[in-house]
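Inspection log for the structure reproduced underneath, given as structure tokens.
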Amino acid sequence: MELLQEGKIGFLRFVMDSENADDYLKWCRSHGTDPSDESAEFYVEQTDIEQMDRQVMDDDSYGIWN
């Protein structure tokens, strides 16, 4: 993440070097797009939002938010 934030690598390399590489490639195929920095950035944004949504739902389930 640090290399990405410093601009030393692009989103495509960031995703492909992560444990999400296979999921990203499946996501590309299902959305009819090619792997690129732009699609990888969009994928990261979408998966971050989904993870945050799941976290909020999990927190709600456990009554953390009062």
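Heavy-atom neighbours of Glu6 CD from other residues, nucleotides or ligands within 6.0 Å: above the threshold of 12.
In this structure, NE2 on His31 lies 7.5 Å from CD on Gln46, to the nearest 0.5 angstrom. Of the inter-residue distances, the one linking Asp23 atom CG with Cys28 atom SG reads 11.0 Å to the nearest 0.5 angstrom. Atom CD of residue Glu2 and atom CD1 of residue Ile9 lie 10.5 Å apart, to the nearest 0.5 angstrom. Within the model, atoms CZ of Phe11 and CD of Glu38 stand 10.5 Å from one another, a figure rounded to the nearest 0.5 Å.
Remark: Asp37 pairs with no residue by the side chain to side chain donor-acceptor pair (under 3.5 Å) rule, at least two apart or across chains. For Asp17, the salt bridge (Lys or Arg N to Asp or Glu O under 4.0 Å) partners are Arg13, not counting sequence neighbours. Here Tyr24 pairs with Ser39 under the side chain to side chain donor-acceptor pair (under 3.5 Å) rule; sequence neighbours left out.
Put simply, the side chain of Leu25 reaches to within 4.5 Å of the side chain of Met16, judged on heavy atoms.
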Q. Yes or no on side chain to side chain contact (heavy atoms under 4.5 Å, CB included) for Phe14 and Leu3, after CA distance, side-chain angles and deciding distance?
A. CA-CA 8 Å; Phe14 173 73; Leu3 292 174; over 6 Å; no

Q: Apply side chain to side chain contact (heavy atoms under 4.5 Å, CB included) to the pair Trp27 and Asn20, showing each step before the final yes or no.
A: CA-CA 10 Å; Trp27 181 89; Asn20 296 321; over 6 Å; no

